[in-house]
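Everything below concerns the one structure shown next.
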Amino acid sequence: PLAAFFLPSPQKDKSLPSDFRLLPDGNSKFTKDCLFKIRESQNMQDKSRELMINLELDLDPHINKASLDDDPGKIAAKERKVMDFTIEKQTELATYYQAFNYLRYKIEGKNVLVFQIKADMDDLRGFTLMDSKPFAIVLNNSDVIQARIFTLLHEYAHILLNEPALCIPQEDITRKNHKAHVEKWCNAFAAAFILPKSEIINDFEVWGIANYKKIAKKYNASLSSTLMRLYKLNCISEQEYDNEINILQNSIEKNTDKGKEKDFCGPNSAKIAKRDKGLTFISLVLENADNDFITTSDVLDYLNIKTKHMDELTNF
């Protein structure tokens with residue numbers, strides 16, 4: 001903004017989440033577009049804080065904290081109960097998008113915002129913003145929805161641990177350091193949450209390795225995470241895991257777009273706002289407008305929508 005040139009000194013940029021910023025090739029530099037998206041998300045978090053303060057709302061997350069000494073499987077089981085994510089509820093969610101929206105709704109109900117951005121998949125899958133409140137999870141909507149469900153839960157685990165992170169594709173977690181320990185814990189939590197141990201073992205005994213895709217579909221999990229979960233639960237051997245993963249990867253390379261559910265909102269700016277900014281942020285904006293804390297022009301700017309789509313937002 002022009003006003004920035006009249007400040008007594010340049011504003012300092014917020015840092016990337018913690019020290020979790022290295023790319024797989026060891027290069028710490030993200031693309032210009034990726035850095036812009038991260039800053040845009042931080043700006044959304046700042047706006048959320050202002051809107052919540054206007055309404056005298058609590059900024060603290062409503063969560064039960066965990067530590068690396070806790071069993072991620074047990075913590076996942078507790079969180080499933082807190083979010084009322086029973087096996088019955090999970091299996092009645094017919095699509096990956098229904099499962100994602102349900103979990104997003106539950107997490108936002110804990111005073112943790114969930115935003116989505118479109119960034120290069122070579123840069124990142126998601127990250128958490130915990131330098132200030134309210135805390136926020138940011139996901140890359142370029143990722144397939146199955147993977148986004150896992151990333152949502154993985155990033156939520158970072159908040160439970162109070163360990164902010166910027167998670168990137170194909171990250172090396174085999175090293176024995178604090179970061180690797182955190183990443184393994186968060187992966188284990190997400191896997192146990194979406195694929196509960198006893199149910200997965202029982203289903204595997206019925207269906208076997210040949211039908212592992214049925215298990216993935218039943219629980220709205222990705223195929224790769226289902227295979228990894230079966231391996232970690234000693235349902236399949238390392239050789240069986242490697243064989244199936246190789247087959248899966250070859251299939252994905254040949255059919256990059258085949259069979260994917262399209263995350264397409266069309267040109268309607270209201271739908272895009274719901275997808276990217278979330279219903280909680282939209283509610284904050286509309287309630288601030290109703291209380292005359294912000295103008296209609298501010299609403300259009302905050303939500304990046306057109307005037308003709310306002311009615312759709314007020315009736316969600």
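Because the structure is a prediction, the values reported are computed rather than measured. All values below were derived from every heavy atom in this structure, side-chain atoms included, with hydrogens, water molecules and symmetry-related copies excluded.
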Scan the side chains in residues 105-112 for donor-acceptor partners under 3.5 Å anywhere in the protein, sequence neighbours excluded, and list what turns up.
| unit_1 | atom_1 | unit_2 | atom_2 | d |
| --- | --- | --- | --- | --- |
| E108 | OE1 | T280 | OG1 | 2.8 |
| E108 | OE2 | V114 | N | 3.1 |
| N111 | ND2 | D58 | O | 2.6 |
| N111 | ND2 | D60 | O | 2.9 |

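Rounded to the nearest 0.5 angstrom, L286 CG and L303 CG are separated by 6.5 Å. Taken to the nearest 0.5 Å, the CD atom of Q90 stands 13.0 Å off from the CD atom of Q98. Note that CZ of F100 is 9.0 Å distant from CG of N141, once rounded to the nearest 0.5 Å. Taking CG of N64 as the start and CD1 of I75 as the end, the distance is 8.5 Å to the nearest 0.5 Å. Separating the NZ atom in K218 from the CG atom in D203 is a distance of 3.5 Å, to the nearest 0.5 Å.
Remark: side-chain polar atoms of W185 are not paired, donor with acceptor, to backbone N or O of A157 under 3.5 angstrom. Side chain of S41 to backbone of K37: a donor-acceptor contact under 3.5 angstrom is found. Looking at E240, its side chain does come within 3.5 Å of a backbone N or O of S237 through a donor-acceptor pair. Side-chain atoms of N140 come within 3.5 Å of backbone N or O of L124 as a donor-acceptor pair. Between the side chain of N250 and the main chain of N246, a donor-acceptor pair closer than 3.5 Å is present.
Remark: K217 is positioned above the aromatic ring of Y96, its terminal NZ or CZ atom under 6.0 angstrom from the ring centre and at most 45 degrees off the axis.
A donor-acceptor contact closer than 3.5 angstrom links the side chains of Q239 and N243. For the residue pair E199 and Y219, no side-chain donor N or O sits within less than 3.5 Å of a side-chain acceptor on the partner. For the residue pair N288/Y302, the side-chain donor-acceptor check at 3.5 Å is not satisfied. Donor-acceptor pairing under 3.5 Å is recorded for the side chains of E312 and N268. Looking at H158 and T128, their side chains never bring a donor and an acceptor atom within 3.5 Å of each other. The closest side-chain donor-acceptor pair between S132 and R49 falls under 3.5 angstrom.
Taking the ring centroids of F193 and F85, they lie under the 6.0 Å cut-off.
Linking ILVMFWY residues whenever their side-chain heavy atoms come closer than 4.5 Å, directly or via other members, leaves F36 and I272 in distinct clusters.
Nearest heavy-atom pair, L113 versus S48, reported as atom, atom and distance to 0.1 Å: CD1-OG, 3.1 Å.
Salt-bridge annotation for R148 and D143: absent, with no side-chain N of the basic residue lying under 4.0 Å from a carboxylate O of the acidic one.
A heavy-atom distance below 4.5 Å is not found between the side chains of W207 and Y212. At least one side-chain heavy atom of H178 sits under 4.5 Å from a side-chain heavy atom of L68. Residues E244 and I209 form a side-chain contact, since some pair of their non-hydrogen atoms from C-beta on lies under 4.5 Å apart.
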